[in-house]
There are 2 protein chains.
Amino acid sequence: MARVSIRKAKAADTEAALKAAARQLFVEQGYLKTKITDITRAAGRSTGSFYEHFPSKEALLEALLGDLREQASEEVTAQLHPADHDLTDREQLRAHLAAAWHTMRDNLPVVLAVHEAAIAAGPGSGEWWQQLTTDTVVLRDHLQQLRDHGHPLPGEPELVAAAMGGMLATLAFALLPAGPDRYSDDQVIDTVTGLLLGGLRG
Amino acid sequence: MARVSIRKAKAADTEAALKAAARQLFVEQGYLKTKITDITRAAGRSTGSFYEHFPSKEALLEALLGDLREQASEEVTAQLHPADHDLTDREQLRAHLAAAWHTMRDNLPVVLAVHEAAIAAGPGSGEWWQQLTTDTVVLRDHLQQLRDHGHPLPGEPELVAAAMGGMLATLAFALLPAGPDRYSDDQVIDTVTGLLLGGLRG
DNA sequence: GTCTATACGCGGATAGAC
DNA sequence: GTCTATCCGCGTATAGAC
């Protein structure tokens, strides 16, 4: 009986339940505001049970981040990257931005949480800049390549990549948690594509 | 004797000392990480003294924000706005972006703190989007005007304005706290100007 | 492995002397 | 108005029974 085995598996793997509850709460009320007791309660477990699986809330986030990377690497190896993107081509730029957007949407809980954690770390840590640059390395490489082929850019590849990534991330954080009520995914992607295309063409 | 009157004034106005200490700490270690006791200690006062001036850390931030608005309104009425900006003109776009950048730089402690507070409020609050849009109303109006004159935009004025503001704000938060070590102000402003200009021209 | 109950520490906030 | 000393609540983390 499927139902029984499902229950068994669910009961056995409290870890999965905790992760699922955490994901939901991170979107609903944010990572910082979410207490460990909130997670255990939402997962239907007791407080003490949490520490059997994770030493802290940060560790739980690390675990979620690990799951994300694992899944992401599968997808990447499965399909993209064509390696030689030409970001001055409207369709290719749009595809790249759309991929980034949907990745953020699909992994919103973790993406959101990591961002909150970075903010909470404080400005002095330099973590904000580091996170922004590492998240946009791929973009930077494409821009670097473009530049190597003689194409003029509005500035340093790293800086341009950071600017583009910052724009997209800000919109994602501001719009996605509320749902598609204000602007549709396509609307955002089209707008950003149009706004950036001219600058990349030079 | 200047020295005496200075000491007197300083002693009398603990409030100013607390504000100054808060500003410094907000940049150094961030708003969220800064405890009330950190502020009083940095200001050379006792814990209890704080509450004689502000009921809470949030109230202190409000006060700082009030100071900022007061000063900002003076500057604005003193000089700008020419009302009919043409953001498709490189110099005018640059001037606008530069003004925004320097405002953020000059008021970094408060700007940073408000942002951190908004993040801590959580995604569900919708506060992120609200703050982004209110901070870019002026920009939106200029874009709206441009559109009314028949100029094509890459998307809804509000959305385009939010995208532009998000880009600039992200770079400011990531780069300004560290000082001008990585990229100079001009470098950032030039890059962003070049990146956005093409998209606004259509 | 999961529960209940409880201890611990931190930061916010107040009491009361000066 | 400022200080010192103290309290209180919340969230983290642990102890110990089952």
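Scope of the values below: all heavy atoms of this structure, side chains included, with no hydrogens, waters or symmetry mates. Protein chains get the first letters and strands the later ones, always in sequence-line order, with residue 1 at the start of each.
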To the nearest Å, how far apart are [X] [atom1] and [N] [atom2]?
{"X": "B/Leu32", "N": "C/dG12", "atom1": "CG", "atom2": "P", "value": "11 Å"}
{"X": "A/Ile36", "N": "D/dT12", "atom1": "CD1", "atom2": "P", "value": "5 Å"}
{"X": "B/Lys33", "N": "C/dC10", "atom1": "NZ", "atom2": "P", "value": "15 Å"}
{"X": "B/Glu52", "N": "D/dT4", "atom1": "CD", "atom2": "C1'", "value": "15 Å"}
{"X": "B/Glu58", "N": "C/dG12", "atom1": "CD", "atom2": "C1'", "value": "10 Å"}
{"X": "A/Arg41", "N": "C/dC3", "atom1": "CZ", "atom2": "P", "value": "14 Å"}
{"X": "B/Phe54", "N": "C/dG11", "atom1": "CZ", "atom2": "P", "value": "21 Å"}
{"X": "B/Lys57", "N": "C/dA13", "atom1": "NZ", "atom2": "P", "value": "10 Å"}

- [ ] Evaluate the ring planes of B/His115 and A/Trp128, with Trp represented by its six-membered ring, and classify them as parallel (under 30°), tilted (30 to 60°) or perpendicular (over 60°).
- [x]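 Aromatic pair B/His115/A/Trp128 classed perpendicular.
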Which one, [options], comes nearest to the side chain of [X]?
{"X": "A/Ser46", "options": "D/dT12, D/dT2, C/dT2", "answer": "C/dT2"}
{"X": "B/Arg45", "options": "D/dC3, C/dC3, C/dG12", "answer": "D/dC3"}
{"X": "A/Tyr51", "options": "D/dT14, C/dT2, C/dT14", "answer": "D/dT14"}

Check: Using 4.0 Å as the upper bound for N to carboxylate O, is an ion pair formed by B/Arg182 and A/Glu156?
Finding: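 Result for this pair is no, no salt bridge flagged.
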Checklist entry - Charged N to carboxylate O under 4.0 angstrom, B/Arg94 versus B/Asp89? => result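 No, this pair does not count.
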_Using only atom types and a distance under 3.5 Å, with no angle test, would you say the side chain of B/Asn107 pairs donor to acceptor with the backbone of B/Thr103?_
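Looks like yes, one N/O pair under 3.5 Å.
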Check whether any side-chain N or O of A/Ser56 sits under 4.0 Å from OP1 or OP2 of D/dA13, and answer yes or no.
->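 No, no such contact exists.
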Do any side-chain nitrogens or oxygens of A/Thr47 fall under 4.0 Å of OP1 or OP2 in D/dT12?
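It does not, given that no N or O in the side chain of A/Thr47 lies less than 4.0 Å from OP1 or OP2 of D/dT12.
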